[in-house]
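Naming: A, B, ... by sequence-line order, numbering from 1 per chain.
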Protein chains: 2
Amino acid sequence: MPISTHAEHDHQKCVNHALTIAEHLCLKRGVQLTLIRHQVLALIWENHKAVKAYELLERLKPLKNAAKPATVYRALDFLIAQGLIHRIESLNAFIGCRCSEHQHEQLLLICKYCHEVEERTATNVMLALSDELKQASFVAHSKAIEIHGICRTCATPPKA
Amino acid sequence: MPISTHAEHDHQKCVNHALTIAEHLCLKRGVQLTLIRHQVLALIWENHKAVKAYELLERLKPLKNAAKPATVYRALDFLIAQGLIHRIESLNAFIGCRCSEHQHEQLLLICKYCHEVEERTATNVMLALSDELKQASFVAHSKAIEIHGICRTCATPPKA
DNA sequence: GCGCTGATGTTGTTTTATAAGATGATGAGG
DNA sequence: CCTCATCATCTTATAAAACAACATCAGCGC
């Protein structure tokens, strides 16, 4: 079931949920969700759009005057390693992960208009992919699939 | 059926085939496969590994003394637009396309050891993907899937 | 306190990609 | 033949994205 990505949803809930999960997960794993990391994660969750590293840097600076590229990249590295965010290769951008605890094979649908990213489990696709990889005798390390196009909302003409 | 990517195949055949196809295709489409574009395409086809833009630039310089970044990037843009090569987003690199004439939904298997890239049609995966996109009401523009891992050859211990 | 470890600060560099304006080649139409 | 348009290229800068290296600091166990 897709989530509602556009304006109408209670986004504060999204954010709170994501941050709470992140805190619990880090605690459980014995890794530090430090202030900077927490701030970066919160910034990423400000919306459901893919966000660039230098954009995050700009947004981080008011909170953290000394912020430099390395500051952001290190936080991003950590968040990725913990599965809390995804890196979108085809955009050099980042997006909060909705399922940090579960599997990590997802389908990312990236809208070229609103830039929102929908994350789907897409079980059937992943099954077919596993099968194909088996046939190819290829051992995959990660199976993120990034698809660019136009999302439901942007495709639908503004309601009459 | 996967192609043989490693050393044992007659690579000159690959190259000639790719260049011939490219020439015909450009002729048919009324676009110019100029000297520079042809040279860049040939360089990309020197092997089946993903190649970076600045690496191409270095290799192009002996042939074309004035070569600058823009020289290479323009040629790459053209080749991509004509479907003669693929851009591998997750590597910022490029690879020759084996099926310039046909469909453009492919599965790219990228080996982290030998860096060779195998291109597969993966019909079942693409069907499952189309289905999933339909469910999501998402209109995709391109459906390249990049999977990183270890290829058959690199996974197989050197023959006893 | 001391020393270990992980996190951060700081500086600089590398890698990847594009912008903008001048120049050159080719071909169609007058 | 000229001229204009178009496409390709050249040239110079610069932007954007990412990382390397090393210094410093904070917390913790001993």
Side-chain angles (χ1 to χ4, degrees), chain A residues 22-23 25-44 49-82 84-95 115 146, chain B residues 22-23 25-41 43-44 49-82 84-95 110 115 146:
Chain A
E23 287 155 14
L25 221 50
C26 289
L27 199 61
K28 195 171 96 188
R29 293 175 183 166
V31 295
Q32 301 175 49
L33 187 61
T34 62
L35 178 59
I36 292 180
R37 292 165 179 178
H38 194 278
Q39 286 172 331
V40 169
L41 184 58
L43 287 173
I44 289 175
K49 300 182 198 301
V51 59
K52 302 249 181 187
Y54 278 68
E55 205 180 313
L56 281 173
L57 178 56
E58 286 316 301
R59 295 211 252 137
L60 183 60
K61 273 181 181 164
L63 310 176
K64 186 81 197 152
N65 206 40
K68 297 274 182 314
T71 314
V72 168
Y73 279 106
R74 275 194 295 238
L76 290 171
D77 285 347
F78 171 86
L79 296 171
I80 291 169
Q82 297 303 321
L84 298 171
I85 63 173
H86 296 299
R87 180 185 156 84
I88 300 178
E89 301 289 351
S90 47
L91 291 179
N92 295 331
F94 303 87
I95 188 85
H115 304 115
E146 302 173 7
Chain B
E23 286 155 15
L25 221 50
C26 289
L27 199 61
K28 196 171 97 189
R29 292 176 184 165
V31 295
Q32 301 175 49
L33 187 60
T34 62
L35 179 58
I36 292 180
R37 291 165 179 179
H38 194 278
Q39 286 172 330
V40 169
L41 184 57
L43 287 173
I44 289 174
K49 299 182 199 300
V51 59
K52 303 252 181 183
Y54 278 69
E55 204 180 313
L56 281 174
L57 179 56
E58 286 315 302
R59 296 210 252 138
L60 183 60
K61 274 181 182 165
L63 309 176
K64 186 82 197 150
N65 207 39
K68 298 273 183 311
T71 316
V72 168
Y73 280 105
R74 271 191 303 241
L76 291 172
D77 285 347
F78 171 85
L79 296 171
I80 290 169
Q82 296 303 321
L84 299 171
I85 64 173
H86 297 297
R87 180 185 156 84
I88 301 177
E89 301 290 350
S90 47
L91 291 179
N92 296 329
F94 304 86
I95 188 86
I110 304 153
H115 304 116
E146 302 173 7

Which atom pairs, one a donor and one an acceptor, fall under 3.5 Å between side chains of residues 62-72 of chain B and the rest of the protein, sequence neighbours left out?
residue, atom, partner, partner atom, Å
B:Lys68, NZ, B:Ala66, O, 3.3
B:Thr71, OG1, B:Lys68, N, 2.9
B:Thr71, OG1, B:Lys68, O, 3.1

Which whole-number value in Å describes the distance from [X] [atom1] to [N] [atom2]?
X	N	atom1	atom2	result
A:Ile88	D:dA18	CD1	P	12 Å
B:Gln32	D:dC7	CD	C1'	6 Å
A:Glu55	D:dA18	CD	C1'	16 Å
B:Arg29	D:dC7	CZ	C1'	18 Å
B:Leu91	D:dA17	CG	P	18 Å
A:Arg87	D:dA17	CZ	P	10 Å
A:Lys52	D:dA17	NZ	C1'	8 Å

Mind checking the [atom1]-[atom2] spacing from [X] to [Y]? Nearest 0.5 Å is all I need.
X	Y	atom1	atom2	result
B:Leu27	B:Gln32	CG	CD	11.5 Å
B:Asn92	A:Asn92	CG	CG	6.0 Å
A:Arg29	A:Gln82	CZ	CD	5.0 Å
B:Phe94	B:Leu41	CZ	CG	13.0 Å

Are A:Asn92 and D:dA18 close enough that a side-chain N or O sits under 4.0 Å from OP1 or OP2? yes
Sorted by number, residues from residues 75-82 of chain B placing a heavy atom under 4.0 Å from DNA chain D are none
Just jot down the salt bridge (Lys or Arg N to Asp or Glu O under 4.0 Å) partners of A:Glu55, sequence neighbours excluded, or say none. none
Would the distance check show the side chain of A:Glu146 and the main-chain N or O of A:Glu89 forming a donor-acceptor pair, the cut-off being under 3.5 Å?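 Yes.
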Just by modelled atom types, is the A:Ile80 backbone N or O under 3.5 Å from a matching donor or acceptor in the A:Arg87 side chain? no
side-chain contact (heavy atoms from CB on, under 4.5 Å) with B:Ala75: which residues, sequence neighbours excluded?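 Residues passing side-chain contact (heavy atoms from CB on, under 4.5 Å) with B:Ala75: B:Ile36, B:Arg37, B:Val40.
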Using nucleotides 10-14 of chain D, report all nitrogen or oxygen pairs with the protein that are shorter than 3.5 Å.
residue, atom, partner, partner atom, Å
D:dC10, OP1, B:Lys64, NZ, 3.1
D:dC10, N4, B:Arg74, NH1, 2.7

Within the structure provided, determine whether A:Val51 and A:Arg59 are in side-chain contact (heavy-atom separation under 4.5 Å). yes
Start with the C-alpha distance between B:Phe78 and B:Val31, add both sets of side-chain angles, then the distance that settles side chain to side chain contact (heavy atoms under 4.5 Å, CB included), and finish with yes or no. CA-CA 10 Å; B:Phe78 171 85; B:Val31 295; 3.9 Å; yes
Does the D:dA17 base have a donor-acceptor partner in the side chain of A:Tyr54 within less than 3.5 Å?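 Yes.
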Under 4.0 Å from a heavy atom of chain B: give me the 5'-most and 3'-most nucleotides of DNA chain C that qualify. C:dT16 to C:dT18
